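The next block holds one structure in the form of C-alpha cells; read it before the comments.
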There are 2 protein chains.
Amino acid sequence: MRADARRNRERIVAVAGVAIAEQGADASLEEIARRAGVGSATLHRHFPTRQVLLEAVFRDRVEELCDRARATAAELPPGPALVVWLRSVGRHAAANRGLAASLMRGADPSFGSACHAMITAAGEELVSAARRAGDVRSDVAVVDLLTLTNAVSLAAEGDPAEADRLLTLALEGIRPA
Amino acid sequence: MRADARRNRERIVAVAGVAIAEQGADASLEEIARRAGVGSATLHRHFPTRQVLLEAVFRDRVEELCDRARATAAELPPGPALVVWLRSVGRHAAANRGLAASLMRGADPSFGSACHAMITAAGEELVSAARRAGDVRSDVAVVDLLTLTNAVSLAAEGDPAEADRLLTLALEGIRPA
DNA sequence: CGGTAAACGGAGTGGGCCCCCGTTTCCTGG
DNA sequence: CCAGGAAACGGGGGCCCACTCCGTTTACCG
C-alpha cells in the first residue's frame, strides 16, 4: 500500500470518527471527505460503502476497549473491575451514538463476529475472575452483559447518570442467589 | 377536515407502518406515497417531516399497548401481568425495529412526553399493583422498566427468544431484597 | 532520473426529499 | 339539485447526497 494512500485512509477514519460523534451514523460522506481534504472518489475507493467506513471507525474503539479491559483487571479486584469496565463499554457506546446499532443490522456478519470475538475475549477474563470471586452467577455469559450494557447506553442516550442508574439496576441480577 | 384528506392520511399511515416494518425507519417517503396512491406533495402536506410521519405510526402502536395493559391487568395476577405486558412492549419494539430509537432522538420533545405519559400511565397501574403484591421493589419506576424493555428488544433485534432471555435477566433485579 | 502502476479528484449520473402552483375535488347554502 | 369557493391534490423542478468514470498526478523502483 502506497504511503499517501495509507495517510489518506487514516485521515478519513479520524475525521469520520469526529463526524459520527457529532451527527450520528448517517453523517454526510461528502462532508467527511471535504473535512479530510480528499475527493469523494478517494473516500469511496477506500470505503466502498458507508458500512465499511463505520466498521473501520468502530474497530478503533473496540481495540481501545480491549486495552482498557486488561488495564482495569490489573488495577482493581475482580467484581469492581468488571463493573467499571462495563461502564467504560457503556460510555463508548453512548459516545458513538447509534454506531453499534447500525453495525448490528449491517450485511457483513463476519466483521460483527470478529469484533464480537475480540471484545468477548477481553471481557471473558474479567467475568471469569469475577465468577471465581463469587460476584457473578454461573449462568451469566459475557455476551449477556455486553448486550445489556450496549442496550442501556443506547436507551439512555446523552445522559450518563441515567445510563449508570439503569446499568446498575440491570446488573442487580447477575449476583449468585 | 375533508373526507378525502382523512382517507389519504389514514392510507399513508397504514402503508408507512408496513414499509417501516419491512425496511426500517429510513424507508423511502416517495415509495410510501406511491404505494398509498398519492403524490409526494400530499404526503408532505400531511406529514411535513419524516419525524411527524413516524410519530403518527407510533401513536397507533402506543394506543394498542395501552389497551393491552388494561386487558392484561384484568386477566392475570399483578406480578405475572406486569411481566407479560412488558413482553408485549418488547415484541412491539422489536416489530417496529428502530422506530422507537428514531423517535427518541427526534427534535419534538412534546410528542415524546405525550406517548411517554400515555404508556407510563398504562404501566403505572400494573406496577403499583405488582408493588402492593410484593413483587416489585419500591425504588423501581415504570419508566425504568419500559426503558430496559425497549433497550433489550432493540439489542436482541430479530430474535424473540433472546429478547425474552435478556429481559428475564434484566428483570431479576426488580424484586424486593 | 525516468517509467510505470497506483492513487487521486473533479465532473457527471441517478435517486430522494421537499416545495411551488395550476388543477381537481369536496362541501354547503340557496 | 347546483354553483361558488375553499380545501386538497399531484406533477414538475430545485437541491443535496451517494456513488462512478476517466484524465491527471504522484509515489515508488530500478
Side-chain angles (χ1 to χ4, degrees), chain A residues 1-58 96-99 101-108 111, chain B residues 1-58 97-99 101-103 105-108 111:
Chain A
M1 189 182 213
R2 251 168 61 171
D4 55 345
R6 169 174 301 274
R7 208 170 32 237
N8 279 333
R9 192 183 189 285
E10 287 171 359
R11 287 191 57 136
I12 291 171
V13 171
V15 167
V18 175
I20 288 169
E22 285 175 6
Q23 312 175 13
D26 53 354
S28 164
L29 296 183
E30 302 222 339
E31 188 186 333
I32 290 174
R34 239 176 291 134
R35 282 209 236 171
V38 302
S40 63
T42 296
L43 189 149
H44 281 90
R45 194 175 317 106
H46 284 294
F47 308 100
T49 166
R50 151 175 263 112
Q51 195 70 19
V52 174
L53 176 57
L54 295 182
E55 287 174 7
V57 172
F58 197 67
N96 300 337
R97 295 230 200 161
L99 181 52
S102 299
L103 288 168
M104 296 286 182
R105 81 180 52 166
D108 181 4
F111 171 79
Chain B
M1 189 181 215
R2 251 167 61 170
D4 53 345
R6 167 174 303 273
R7 209 171 29 238
N8 279 333
R9 193 181 189 285
E10 287 171 358
R11 288 190 57 137
I12 291 172
V13 171
V15 167
V18 175
I20 288 170
E22 285 175 6
Q23 313 175 12
D26 53 353
S28 164
L29 296 182
E30 302 226 338
E31 189 186 334
I32 290 174
R34 241 176 287 133
R35 282 209 237 172
V38 302
S40 64
T42 296
L43 189 149
H44 281 88
R45 194 174 318 107
H46 284 295
F47 309 100
T49 166
R50 151 175 263 114
Q51 195 70 20
V52 174
L53 176 58
L54 295 182
E55 287 175 6
V57 172
F58 197 67
R97 296 229 200 163
L99 181 53
S102 300
L103 288 169
R105 82 179 52 167
D108 181 4
F111 171 78

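Here is the naming used below: chain letters follow the sequence lines, and residue numbers restart at 1 for every chain. These figures come from a predicted structure and were not determined experimentally.
Residue Met1(B) comes nearest to Ala5(B) through the heavy atom pair CG-CB, 4.1 Å, listed as atom of the first residue, atom of the second, then distance. What you find for Ala33(B) and Ser40(B) is that their closest heavy atoms are CB-CA, 4.1 Å. The nearest pair of heavy atoms linking Leu54(A) to Ala25(A) is CD2-O, 4.2 Å.
In this structure, CD in Glu30(B) is found 9.0 Å from CG in Leu43(B), a value given to the nearest 0.5 Å. Once rounded to the nearest 0.5 Å, the distance linking NE2 of His44(B) with CZ of Arg50(B) reads 8.5 Å. The structure places CG of Asn8(A) at 12.0 Å from CZ of Arg6(A), a figure rounded to the nearest 0.5 Å. One distance of note links CZ of Arg11(B) with NE2 of His46(B); it measures 12.0 Å at 0.5 Å rounding.
For DNA chain D, the outermost nucleotides in 5' to 3' order that have an atom under 4.0 Å from a heavy atom of chain B are dA6(D) to dG12(D).
Taking atom CZ of residue Arg2(B) and atom C1' of nucleotide dC26(C), one finds them 4 Å apart after rounding to whole Å.
From one end of the helix from dC1(C)-dG30(D) to dG30(C)-dC1(D) to the other, with five pairs defining each end axis, the axis direction shifts by 10° (rounded to 10°).
For DNA chain C, the neighbouring residues in residues 3-14 of chain A, judged by any heavy atom under 4.0 Å, are Asp4(A), Ala5(A), Asn8(A).
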Produce the list of close N/O pairs, under 3.5 Å, pairing protein atoms with atoms of nucleotides 17-21 of chain C; give distances to one decimal.
from: dC17(C); atom 1: OP1; to: Leu29(B); atom 2: N; distance (Å): 3.1
from: dC17(C); atom 1: OP2; to: Ser28(B); atom 2: OG; distance (Å): 3.4
from: dC17(C); atom 1: OP2; to: Leu29(B); atom 2: N; distance (Å): 3.2
from: dC17(C); atom 1: OP2; to: Glu30(B); atom 2: N; distance (Å): 3.1
from: dC18(C); atom 1: OP2; to: His44(B); atom 2: NE2; distance (Å): 3.1
from: dC18(C); atom 1: N4; to: Glu30(B); atom 2: OE2; distance (Å): 3.4

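Residue Thr42(A) places no side-chain N or O under 4.0 Å from the OP1 or OP2 atom of dA7(C).
Residues Phe47(A) and Arg9(A) have side chains in contact (heavy-atom distance under 4.5 Å, counting atoms from C-beta outward). When side chains are defined from C-beta on, Asp26(B) does not count as touching Asp26(A), because their heavy atoms never get closer than 4.5 Å.
Among residues two or more places apart in sequence or in another chain, the side-chain contact (heavy atoms from CB on, under 4.5 Å) test is passed with Glu31(B) by Gln23(B), Ser28(B), Arg34(B), Arg35(B).
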Please report, to 0.1 Å, the donor-acceptor pairs under 3.5 Å made by any side chain of residues 14-21 of chain B, with sequence neighbours excluded.
none

